[in-house]
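Data first, discussion second: the structure below is written as C-alpha cells.
For ligands, and for the atoms within them, numbers begin at 1 and follow the listed sequence.
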Amino acid sequence: MPILQSFGPASKPAIGPGEDIEAGVMRALPWTQAAGRDTAPLYERVKAVIPALEWRFFAPYVQAINALKRDRNAVILAHNYQTPEIYHCVADVVGDSLQLAREAAKTSAAVIVQCGVHFMAETSKILNPEKTVLIPDRRAGCSLAQSITGEDVRLLRERFPGVPVVSYVNTSADVKAESDMCCTSSNAVAVVESLCADTVIFLPDEYLAKYVASKTRAKLIAWKGHCEVHERFTGEELRQLRESDPSIEIIAHPECPPDVLAQADFTGSTASMINWVRDRKPKRVVMVTECSMADNVQAELPEVEFVRPCNLCPHMKRITLPKILDSLIDLKEEVVVDPMIAARARRAVERMVHLKS
Ligand code: SF4
C-alpha cells in the first residue's frame with residue numbers, strides 16, 4: 001500500500017535536549033603499564049580497527065570504567081552506532097533500539113548508563129522508573145526525535161479520530177505518551193499488523209513509513225521527519241558503486257530514502273544488517289548506515305571488506321570514554337521523565353517489548 005498522506009515539517013535542525021548545557025570538564029587519565037596489561041584481552045577484539053597508538057589513549061579509560069561499573073552496580077547499554085572502544089570494550093549489552101529496550105526492561109543493575117542518544121536513555125527510564133539512568137552527554141539528540149512533539153500527535157488524533165498511532169522509538173517520552181504502540185525498525189511491520197487496523201498513523205520517519213507501507217496492507221498516514229544521517233545517502237552513489245564492482249553487496253537501513261533502498265540487496269534494522277553480514281560473510285559490502293557500525297563488525301570479521309560511503313551521526317559521537325567515566329564517577333547526566341508522562345509512555349513501549357516476534 002502507498003502511504004496516504006505525509007504531515008508536518010521536514011526535519012527540524014537536530015539539536016539535543018540540552019544543547020545549551022556544557023558537557024563539563026572531563027578527567028584526563030594517563031597511559032600506565034597496568035592499564036595496558038589489564039586491557040590487553042580487550043584490545044585483541046578491536047586491534048583490526050584501532051591502531052596501537054590510539055589504544056594508549058583508550059586503555060586507561062577502559063580499565064577505570066570496567067572497574068567502576070562493578071562498584072556502582074551499573075550496566076552499560078551501547079547502541080550499534082557507538083565506536084568500537086565503547087561497543088567492544090566497556091559495554092555489557094550491545095544492540096539496536098529494540099534489543100536495548102528489552103535489556104533495559106530486564107536488568108537488575110541499580111544504574112543504567114546509556115551509550116546512545118537521549119530518546120534511548122528516556123526509553124530505559126520509562127521502563128525502569130526506580131533506577132538511575134544516566135546519559136554521558138545529554139546533548140546527544142536525534143533529528144527524528146526533534147521533528148515532532150506530543151502536541152503534533154494530539155492534533156493528528158483530532159484530525160483522524162479513532163486511527164491508532166504507532167511511534168518509532170526515536171521520539172520523546174511526550175510523543176510516546178500520546179501513542180498507542182511504539183516500534184523500532186526491527187519490528188515496525190509486525191507492530192502495524194498487530195493492530196489489525198485499515199489505517200495507521202505512523203510517526204515520525206517518512207522513509208520508514210514508506211518502507212513499512214510497501215510491506216503491509218494497512219494504509220499509513222506519515223509524518224515528514226527524516227534521519228539526518230540516512231537521508232544524505234543517494235541511490236545514484238550506490239548505482240555508481242555497483243557499476244564499478246558488480247559483485248559488491250549493498251545493505252541498507254530503512255531510514256534511507258526510497259531510491260537508496262531500491263539499490264539495496266537487503267534492507268533491515270541495524271541488528272539484522274549485522275546478522276546478514278555475519279551469516280553471509282560477503283567479500284565486499286556497503287553498509288548504508290552510520291559509519292561506526294561497519295567498524296564494529298569489521299573488528300569481528302576482518303576478512304570482510306567494508307566499502308564506504310557511510311555517514312557519521314554527530315549525536316552518537318558525543319558519547320566518548322572520558323564522558324562515560326565522568327558519568328559513572330559523578331552519576332550524571334541523570335535522565336528524568338515526568339512520572340505521569342512516563343506511565344502513559346510505558347504502555348506504548350511495553351506493548352512493543354511484549355509483542356511476540
Ligand atoms: S543516526 Fe539518525 S536516527 Fe539515529 S540517532 Fe542519529 S540522527 Fe537519530
Side-chain angles (χ1 to χ4, degrees), residues 8-19 77-83 86-87 94-101 104 114-124 135-149 166-173 175-176 182-188 202-212 222-234 251-257 260-261 267-274 287-297 308-320 323 335:
S11 298
K12 293 171 189 166
I15 49 170
E19 185 66 33
L77 309 184
H79 188 264
N80 291 326
Y81 294 162
Q82 291 294 294
T83 47
I86 296 173
Y87 181 93
V94 294
D96 63 10
S97 304
L98 179 61
Q99 290 166 320
L100 298 183
Q114 195 89 31
C115 295
V117 294
H118 194 268
F119 74 79
M120 296 176 180
E122 264 192 350
T123 306
S124 290
I135 185 157
D137 189 330
R138 63 172 298 193
R139 296 171 300 171
C142 169
S143 62
L144 279 170
Q146 290 295 127
S147 75
I148 190 162
T149 64
V166 171
S167 289
Y168 198 22
V169 284
N170 299 37
T171 47
S172 65
V175 169
K176 290 181 175 81
C182 287
C183 76
T184 69
S185 53
S186 295
N187 62 14
F202 187 95
L203 310 168
D205 187 337
E206 187 181 26
Y207 297 143
L208 181 62
K210 286 186 176 173
Y211 174 73
V212 173
W223 186 255
K224 288 186 178 172
H226 299 145
C227 162
E228 66 179 288
V229 175
H230 291 96
E231 74 174 349
R232 294 209 303 272
F233 294 107
T234 67
I251 63 175
H253 193 276
E255 287 170 12
C256 293
V260 170
L261 300 188
T267 298
S269 66
T270 57
S272 50
M273 289 168 85
I274 292 172
M287 268 187 165
V288 190
T289 189
E290 213 275 345
C291 300
S292 291
M293 198 165 96
D295 293 339
N296 290 330
V297 189
R308 270 34 185 171
C310 64
N311 291 325
L312 282 170
C313 173
H315 313 290
M316 289 280 179
K317 301 291 95 100
R318 285 192 183 275
I319 309 300
T320 62
K323 289 181 192 170
V335 176

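Taking all heavy atoms of N80, V117, N311 into account, the minimum distance to atom 5 (S) of ligand 1 is reached by V117. Distances from atom 1 (S) of ligand 1 to the heavy atoms of L208, L144, D205, V229 put V229 nearest. Remark: among candidates S97, C313, P314, the nearest residue to atom 6 (Fe) of ligand 1 is C313, based on non-hydrogen atoms.
In this structure, Y207 and C256 have side chains that are not in contact, with every pair of non-hydrogen atoms separated by 4.5 Å or more. Looking at heavy atoms from C-beta onward, M273 lies out of side-chain contact with N80 at the 4.5 angstrom threshold.
With 3.5 Å as the limit, one finds no donor-acceptor pair spanning the side chains of H226 and E255. When only modelled atom types and interatomic distance are considered, S269 and S185 share no side-chain donor-acceptor pair under 3.5 Å. Side-chain contact of S147 with K224: a donor-acceptor pair under 3.5 Å is absent, judged by distance alone.
Under the 30°/60° scheme for interplanar angles, the aromatic rings of Y81 and H230 are found to be tilted.
At least one heavy atom of E255 sits closer than 4.0 Å to an atom of ligand 1.
Close contacts of ligand 1 with S143, meaning ligand atoms under 4.0 Å from a residue heavy atom, involve 7 (S). Those atoms of ligand 1 with a heavy atom of N170 less than 4.0 angstrom away are 3 (S). Contact atoms of ligand 1 toward Y81: 1 (S) (distance under 4.0 Å to a heavy atom of the residue).
Not a single N, O or S atom of C227, from either the backbone or the side chain, sits less than 2.8 Å from atom 6 (Fe) of ligand 1.
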